[in-house]
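Down below is the structure, laid out as structure tokens.
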Amino acid sequence: MPARHCIAVGCTADSRSSSNLLFHQLPKVESELKKWLSLIRREGLKIDSSCDNRHYVVCSKHFVDSFPTPQNPYPTLFTYNHYKKSTPRKTKNSNSSRSSSTNVKQHDQPSIKTVHLVKCEPATDKTQICYPYVVGELDIPQTDVNNNNGIKTEVGCDIQCQNIQHDHHYICCDPEKKYCGEHDLLERITSLEARCSELEKENRELREENQTLQALKMQKNDFRNDLIGKIIQDDNNIKHFLGLPSLSFLTFFLQFLAPYYNKVSFWKGAGRSGSKKWQEKNQQKPGKQRKLTMKEEFVLVMLKLRLGLDNATLSVLFNVSVGYVSTLFGTWINFLAQILNPVIKWPSKEKILKHMPLSFKLKYPNTTSIIDCTEVFIQKPKNCSAQASTWSNYKSHNTLKALVAIQPNGAFTFVSKFWSGNVSDRKITVDSKFLDLISPGDEVMADRGFQIKDLLTLKGAYLNMPPFTHERRNGKGRVLSSKQILETRKIASLRIHVERAIRRLKSYKMLAGILPLNMKNLSSAMLRVAAAFCNFMPPLSKKFK
């Protein structure tokens with residue numbers, strides 16, 4: 001904020017060095033402004049009352065009471081009067097005039113009439129005027145006709161009462177600006193009593209309407225609580241509606257999320273993300289309180305991810321707006337993707353061998369991963385180049401493609417981000433840095449589409465894939481030898497586990513249907529969250545000793 005300087009002549013006070021002083025702005029009323037400027041006596045200072053004058057201030061040293069008061073409304077202490085308070089000049093007639101005014105006041109003492117206001121009910125008492133709100137005695141000053149000038153004025157009102165402009169609406173004045181008589185005042189009280197009755201009736205109606213709205217809100221909250229109660233009723237419902245293993249897992253996971261949830265702010269796009277000061281300093285999140293609890297928000301997000309419900313349906317079920325559901329889902333998906341990122345990790349060979357099923361131990365004991373690509377349908381883009389880049393000849397649809405890898409027991413160990421549907425499996429394998437996880441001696445199992453044998457050879461690893469067909473000796477068609485057929489069956493019996501894992505992944509309906517283009521930015525995060533929750537499920541291939 002810029003410093004404020006006093007405009008008085010010879011005054012050097014400003015807001016930076018004089019923190020104990022007050023600085024008062026110039027008045028906006030033209031007459032008052034001219035009075036102030038005439039007292040300040042600053043040459044060349046021209047100020048218009050209609051302009052912005054908030055930078056022109058006068059410090060409290062120039063006021064008798066340090067600020068404008070009804071007794072001393074103007075700045076009067078300046079260097080030209082040596083900061084001395086002006087005193088009224090004594091004259092010969094000052095004492096006589098003061099004594100004469102005292103005599104007039106003593107002579108014109110008002111006669112007071114007391115009116116009794118009795119509380120009563122209109123329905124029961126018809127003999128008198130009822131005042132259900134005003135009770136007590138009211139003193140009304142009477143008029144004096146025999147004053148020195150012969151003019152009828154109100155007693156208790158000085159000579160200048162006709163020039164007074166009252167700033168309160170409850171002052172009862174007639175058109176000649178004189179105080180009302182007894183009849184007018186009682187009539188005014190009666191009208192106010194009627195107005196109070198109307199306001200009391202309106203207040204009662206508003207209270208009843210408020211109670212109705214509160215009851216309706218409680219019914220909606222009860223419906224939401226009943227819905228969540230039925231969803232988390234048992235393990236089967238939790239697995240079906242939320243895609244989680246059990247109720248105990250849900251309880252534990254929410255307790256795990258609680259410390260991180262307090263630092264979460266609503267997701268507003270990749271360009272506006274970043275940590276805030278209150279997050280870095282472990283402070284409470286500012287702003288208004290959220291409409292749903294952490295448990296309700298998590299259930300809403302998992303319902304959308306698991307069942308693929310649209311935002312309009314969820315907004316009705318949870319009594320929130322459609323935009324709130326959209327913002328909430330984007331926030332939680334990115335939040336869960338960061339929290340669950342360590343769940344998808346590349347294990348060591350010892351752990352893979354420890355949990356390896358017997359079928360792998362007998363046929364391919366050195367297998368560390370089974371890889372495959374999965375595709376998700378998306379809406380058809382309007383841009384022609386986008387249509388061409390996302391078109392998949394295999395699915396005959398616009399898709400997004402990602403590389404996934406599982407270990408022999410079915411747990412996801414690698415999930416890449418989504419790529420355009422027309423990208424080859426080899427390019428995704430290279431660009432996703434999957435090969436950086438391969439160690440010498442590893443065996444990777446894949447389908448025929450993965451032409452990465454040379455890349456694995458450079459890493460000292462092996463590729464187990466079904467053999468390709470060869471031409472017949474007579475040149476009619478392509479066949480496999482009996483040995484190749486047996487090898488193909490052996491690999492297919494084990495590679496089927498990655499298909500089962502992808503099917504479990506697609507049980508989250510957001511990845512099984514047609515993904516809207518406005519959710520493309522959340523697609524990779526949804527894939528990782530779904531894969532992480534799949535890892536909490538029982539193994540696809542159990543270990544038999």
Side-chain angles (χ1 to χ4, degrees), residues 343-375 394 401-416 419 423-470 480-506 527-528 530-531 534-535 537-544:
V343 177
I344 304 174
K345 60 182 296 185
W346 192 265
S348 61
K349 290 184 179 181
E350 292 76 12
K351 291 185 177 180
I352 293 176
L353 184 61
K354 179 180 179 181
H355 300 283
M356 182 177 289
L358 183 61
S359 57
F360 277 89
K361 286 184 178 181
L362 295 176
K363 298 177 182 179
Y364 295 95
N366 295 325
T367 302
T368 57
S369 63
I370 310 170
I371 63 174
D372 198 2
C373 281
T374 179
E375 296 186 67
Y394 180 66
K401 183 187 291 188
L403 175 68
V404 297
I406 65 169
Q407 65 184 54
N409 67 347
F412 287 96
T413 57
F414 179 83
V415 177
S416 73
W419 300 76
V423 179
S424 65
D425 298 343
R426 178 186 175 94
K427 181 175 177 57
I428 295 178
T429 305
V430 175
D431 293 346
S432 63
K433 298 182 180 180
F434 169 76
L435 298 176
D436 295 343
L437 304 174
I438 301 300
S439 302
D442 289 349
E443 291 185 4
V444 178
M445 188 172 291
D447 198 8
R448 290 190 180 96
F450 285 85
Q451 303 295 328
I452 57 173
K453 186 174 183 179
D454 56 332
L455 300 176
L456 292 176
T457 303
L458 295 176
K459 288 284 186 176
Y462 302 94
L463 177 64
N464 294 324
M465 60 183 300
F468 290 94
T469 59
H470 59 274
L480 293 173
S481 63
S482 58
K483 183 178 180 181
Q484 290 175 337
I485 292 175
L486 293 176
E487 185 179 1
T488 300
R489 290 177 179 176
K490 186 167 61 172
I491 293 176
S493 65
L494 299 179
R495 206 192 66 82
I496 192 64
H497 294 304
V498 72
E499 301 291 347
R500 296 173 61 196
I502 292 176
R503 185 176 63 183
R504 175 182 280 183
L505 193 65
K506 293 293 184 69
L527 183 67
R528 293 194 66 85
C534 287
N535 283 351
M537 296 291 183
L540 290 174
S541 180
K542 297 182 180 180
K543 177 183 177 183
F544 296 96

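The structure presented is a predicted model; accordingly, all values stated were derived computationally and were not measured.
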- request: Show the numbers, then the answer: is there a side-chain contact (heavy atoms from CB on, under 4.5 Å) between Ile491 and Tyr364?
  value: CA-CA 9 Å; Ile491 293 176; Tyr364 295 95; 3.2 Å; yes
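- Using a 4.5 Å cut-off on side-chain heavy atoms (C-beta onward), Leu456 and Phe450 make no contact.
- When side chains are defined from C-beta on, Leu403 does not count as touching Trp419, because their heavy atoms never get closer than 4.5 Å.
- Summarising the geometry of Val430 relative to Leu435, their closest heavy-atom pair is CG2-CD1, 4.5 Å, with the distance given to 0.1 Å.
- Closest heavy-atom contact between Phe412 and Ile344: O-CG2, 3.9 Å.
- Leu494 approaches Met445 most closely through the heavy-atom pair CB-SD, 4.0 Å.
- Applying the side-chain contact (heavy atoms from CB on, under 4.5 Å) criterion to Asp454, with sequence neighbours excluded, gives Arg426.
- Inter-residue side-chain proximity for Pro347 and His355 is flagged as unmet; no heavy-atom pair is nearer than 4.5 Å.
- Not counting sequence neighbours, the partners of Tyr394 by the side-chain contact (heavy atoms from CB on, under 4.5 Å) test are Glu375, Ser392.
- The distance from the CD atom of Gln407 to the CG atom of Leu353 is 11.5 Å, given to the nearest 0.5 Å.
- Asn409 places a side-chain N or O within donor-acceptor distance of the main-chain N or O of Ala411, the cut-off being under 3.5 Å.
- The NZ atom of Lys349 sits 7.5 Å away from the OG1 atom of Thr368 when rounded to the nearest 0.5 Å.
- Annotation: the span from Lys363 atom NZ to Leu358 atom CG amounts to 10.0 Å, rounded to 0.5 Å.
- The environment of Lys453 atom NZ is sparse: at most 12 non-hydrogen atoms of other residues, nucleotides or ligands sit within 6.0 angstrom.
- Residue pairs that meet the side chain to side chain donor-acceptor pair (under 3.5 Å) test with at least one member in residues 429-439, sequence neighbours left out, are Lys427-Asp431.
- In this pair, Trp346 and Phe434 present their aromatic rings perpendicular. The plane angle is above 60°, beyond the 30 to 60° band.
- Atom CD1 of Ile452 sits about 11.5 Å away from atom CG of Leu458, to the nearest 0.5 Å.
- Atom NZ of Lys345 sits in a sparse spot, with 12 or fewer heavy atoms from other residues, nucleotides or ligands closer than 6.0 Å.
- Interatomic distance, Thr413 OG1 to Leu437 CG, rounded to the nearest 0.5 Å: 8.0 Å.
- Shortest non-hydrogen contact noted between Ala531 and Leu505 is N-CD1, 3.4 Å.
- Partner Asp372 forms a salt bridge (Lys or Arg N to Asp or Glu O under 4.0 Å) with one of Arg500, Arg503, Lys401, Arg495 and no other, that one being Arg495.
- The minimum heavy-atom distance linking Ile502 with Cys373 is given by the pair CD1-O, 4.4 Å.
- What you find for Phe468 and Gln484 is that their closest heavy atoms are O-OE1, 4.1 Å.
- One finds the CD atom of Glu487 at 6.5 Å from the NZ atom of Lys490 (value rounded to the nearest 0.5 Å).
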message: Show, in sequence, the C-alpha distance, side-chain angles and deciding distance for Ile370 and Phe360, and conclude whether the side-chain contact (heavy atoms from CB on, under 4.5 Å) test is met.
response: CA-CA 11 Å; Ile370 310 170; Phe360 277 89; 3.5 Å; yes
